[in-house]
Amino acid sequence: MLDLTFVRNNLALVEEKLRLRGMDPNEVLGDFRGVDAERRAHITTLETAQKRRNELSPKIGALKQAEKKGSLTAEQQKELAGLSEEVAREKAVIEDFEKRVAEADEKFKAILQGVPNLPHESVPVGKGAEDNVETRRWGSAPKFDFTPKPHWELGEQLGVLDLERGAKLSGARFAVYWDLGAKLERALANFMLDLHTREHGYTEVLPPYLVNSESMYGTGQLPKFAADLFRVPHGERDLWLIPTAEVPVTNLYRDETIEAARLPLSLTAYTACFRSEAGSYGKDVRGIIRQHQFQKVELVKFAHPERSYDELEKLTKHAETVLQKLGLHYRVMTLCTADMGFSSAKTYDIEVWLPGQGLFREISSCSNFEAFQARRANIRFKPEGKGKSEFVHTLNGSGLAVGRTWVAIVENYQQADGSVLIPEALRPYMGAERIVPKKF
RNA sequence: GGAGAGGUGCGUGAGUGGUUGAAACGAUCCGCCUCGAAAGCGGACAUACCUUAACGGGUAUCGUGGGUUCAAAUCCCACCCUCUCCGCCA
């Protein structure tokens, strides 16, 4: 969520930035000025009436006390009647305008919550994914003297990936990993967590996979993107399966104030992620690129506003390091204004080369949300010395999506004989140098 | 799942209908004192929103949401959370 006062005072700028995102400002902002003015007028009316009532109440109280004791003069009797009448009138106004303010608040909040974050000035302007800018590239695509296969074929032949039984158990977009396939997933997760905790200074956390609506609201999944989530009914209130560890980890500090000296806080978490993928029917139906459940190692930072863009660069490098150590060819894309997510001010996508499919595929998305999430989730820091607390900047990125890394390993390290070589860095975690065909 | 206790400001903790946005103590900050410090003394010390050129003024907030009342931290209802005991369970 953007700052109310900022939007009010910089409406032209906000409209301009929305256009950069390829959105129609009128559609997004609606009658912002009108609703804002209406809301404020109603608040003023309400508070005036409340003030009057608060002035009258003690007078009525005193007179009623006297009435009880029977020491009320005729004149006071009249005064009491008059005051009672007046306060009744004010009360009617209060009740009426409490409703009107609530309605106006609702309308206003709906507008404000529907406004995406403003792109940072360094973000390239564009109209769609084709305008994303390749910022750097690492390594080179492996050469094969045979036609490399996609991971779904390899996985089945090796006996490590079982999509049929995944479908039997749960339905489409669920997978079962067997034997060294399962172990590869676990090895990758451990490798990534060790790298980030030992060499990059992150603290590991293991959060719940089910969270309440407040948490989903805090990171911006709700109210707008409920359709992408799995909802779990639970008594009077619903719980939601997390679509990414970003949700529970960012919300760790919801409604809290962090000491400035502790910033930046760097956290990493390995969790399962659940996405209903509504609206993506027919997309990536083969293999395990797009699943309802997948596992991911997430990197989250809470940073000082002045240093958040440095932290974004670092966080992105941390994610890249995983690919470098695994010897996987990749490129870093700076998303253009039109392709960024709703809450992001700047995003780098890391795309890994998948030879079986002959394309680069997103394996990490690293974003600076500035204060957009912090404002919603009320995450502050107290500046050194005195001064008012301010909102922190939140950042996150995948470090990496384990399922897609699994795909990258299998496709990039496939051999002519149908086996898959395990990269050096992973061998201590695998206890094997190679995956060879086996029946499940 | 059953029975009970409780949720107040940064912390401890008063407060059962009006003078309490909230005592007291502690923490923190600023002064005074001191060569410096401690102690002592004096003062400051929540958030959001509305209003104002500004100084300031106002409204709301005592787990959350409703209700009763002229008036609610205080009474009523629902929910959430924490703790204790029982049951169940990895």
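Keep in mind that this is a model prediction, so the values were computed, not measured. In what follows, chains carry the letters A, B, and so on, assigned in the order in which the sequence lines appear, proteins first and then strands, with residues in each chain numbered from 1.
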What pattern of brackets, bars and dots sums up RNA chain B from 5' to 3', given Watson-Crick or G-U wobble pairs under 3.5 Å, [ ] for crossing pairs and | for another strand? ((((((((.[[[..)..(.....]]].(((((.......))))).((((((....)))))).[[[[[..)....]]]]])))))))....

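Nucleic acid contact for Arg39(A): sugar-phosphate only, since backbone atoms but no base atoms lie under 4.0 Å from a heavy atom of the residue. Among the heavy atoms of the strands lying under 4.0 Å from Ile43(A) are primed sugar atoms or P, OP1, OP2 only; no base atom is included. Using a 4.0 Å heavy-atom criterion, one finds that Arg8(A) contacts the sugar-phosphate atoms exclusively. Across all strands shown, Arg380(A) has heavy atoms under 4.0 Å from sugar-phosphate atoms exclusively, and none from any base. Within 4.0 Å (heavy atoms only), Asn212(A) reaches no atom of the nucleic acid at all. As judged by a 4.0 angstrom heavy-atom cut-off over every strand, Thr44(A) is placed among residues touching the sugar-phosphate backbone only.
Taking the six-membered ring where tryptophan is involved, the planes of Phe230(A) and His292(A) are perpendicular, since the angle between them exceeds 60° and thus also 30°.
A side-chain donor-acceptor contact under 3.5 Å links Lys301(A) and Ser266(A). Residues Asn117(A) and Ser344(A) bring no donor and acceptor atom of their side chains to less than 3.5 Å of each other.
In this structure, Phe369(A) has its ring center at least 6.0 angstrom away from the ring center of His393(A). Checked against a 6.0 Å centroid threshold, the rings of Phe32(A) and Phe108(A) count as neighbours.
With rU51(B), rA60(B), rG58(B) as the choices, the nucleotide that has an atom nearest any side-chain atom of Arg40(A) turns out to be rU51(B). Checking rG18(B), rA60(B), rG58(B) against every side-chain atom of Gln50(A), the shortest atom distance belongs to rA60(B).
Atom P of nucleotide rU69(B) and atom CD1 of Ile94(A) are separated by 14 Å, given to the nearest angstrom. Going from atom CD of Glu98(A) over to atom P of rG67(B) covers 8 Å, rounded to whole Å.
Residues passing the side-chain hydrogen bond (donor to acceptor under 3.5 Å, both in side chains) test with Gln65(A): none are found, sequence neighbours excluded.
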